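Following: one structure in structure tokens, then a few remarks.
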Amino acid sequence: MITKCLFPVAGYGTRFLPATKSMPKEMLPIVNKPLVQYGVEEAIEAGMNTCAMVTGRGKRAIADHFDINFELEHQIAGSGKEVYLESIRNVLDNGIFTMVRQREMKGLGHAILTGQSLVGNDPFGVILSDDLCINDGPGVLSQMAELYKQFRCSIVAIQEVPKDEVNKYGVIAGEPLKDGIYRVDEMVEKPDPADAPSNLAIIGRYILTPDIFDIIRDTPPGANGEVQLTDALQTQAKQGCVMAYKFKGRRFDCGSVPGFVEATNYVYENIYSKG
Ligand code: UTP
């Protein structure tokens, strides 16, 4: 059973400036709940109660969010407003939160490596909370944890995207096995659409085996001069096995303004308004 989930939340969120100048992108709310809380709820649902956050400068609000605010608790105790604290109290009752700071933002691969001290030598989940995943049945990370029991290797979540958008993603090619499961042969970060091996894009959910840390250590900076997780996964796929899984559910790219607005409308109409 996988019990830990890593949350790389150290990025600058430049696409949301000026909102993210002094506030973490992961605290931007979709309706009334911060993005990172949706991610934490998904991890806890998957049995990954230890939520390990890789934070950075200017991200203290995330640590505060996953802690008690005594003054607020005292102020509204016994009043009708307590209901508004229910979801975060639930998260605090069920989750354990650990933090480490990434001092230089050298890319997602580097952020994952920074989290090694928090996750140790066990397989772990990864959630990029700017990808919001919503579905009726088990969450995406639960679906992947179930698959892990079968394959015991790293798994990336994928979805089909329009060919002209592949340059925003890591893209895989692989052998289809069954039910949207592929054994990965090739992975490329942000390929030119003309050279992309497919339109199967990696989204922000992973299960990683701990040998990934040594591989990342040996991975030179790639696209954008950053240490890319995709490059390390490509090595892992060549050395052993990486699976890709076309998950069930909807995903919103909340790291971009249009995706964020789309998610807000969807959650308001389909979840918030229905209580
Ligand atoms: P993104 O590139 O989407 O996030 O990284 P960003 O850099 O915050 O956003 P923009 O492009 O400037 O608008 C994907 C995820 O990896 C994390 C980010 O926080 C985000 O969740 N990340 C990225 C880190 O934690 N550290 C890094 O050095 C880079």
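These figures come from a predicted structure and were not determined experimentally. Numbering of residues begins at 1 and proceeds along the displayed sequence. In listed order, ligands and their atoms are each counted from 1.
- Glu71 meets the salt bridge (charged side-chain N to carboxylate O under 4.0 Å, His left out) test with no other residue; sequence neighbours excluded.
- Residue Met105 shares its hydrophobic cluster (ILVMFWY side chains chained together at separations under 4.5 Å) with Tyr12.
- Under the 4.0 Å criterion applied to side-chain N and carboxylate O atoms, Lys274 and Glu269 are not assigned as salt-bridge partners.
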- May I have the step-by-step check of ring pair (Phe, Tyr, Trp, His ring centres under 6.0 Å) for Tyr266 and Phe252, ending in yes or no? CA-CA 10 Å; Tyr266 183 87; Phe252 297 91; 5.3 Å; yes
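- Ligand 1 lies under 4.0 Å from heavy atoms of Pro8, Val9, Ala10, Gly11, Tyr12, Gly13, Thr14, Arg15, Lys25, Glu26, Gln102, Met105, Lys106, Gly107, Leu108, Ala111, Asp130.
- Here Glu82 pairs with Arg89 under the salt bridge (charged side-chain N to carboxylate O under 4.0 Å, His left out) rule; sequence neighbours left out.
- Nearest heavy atoms, Glu160 versus Lys246: OE2-NZ, 2.8 Å.
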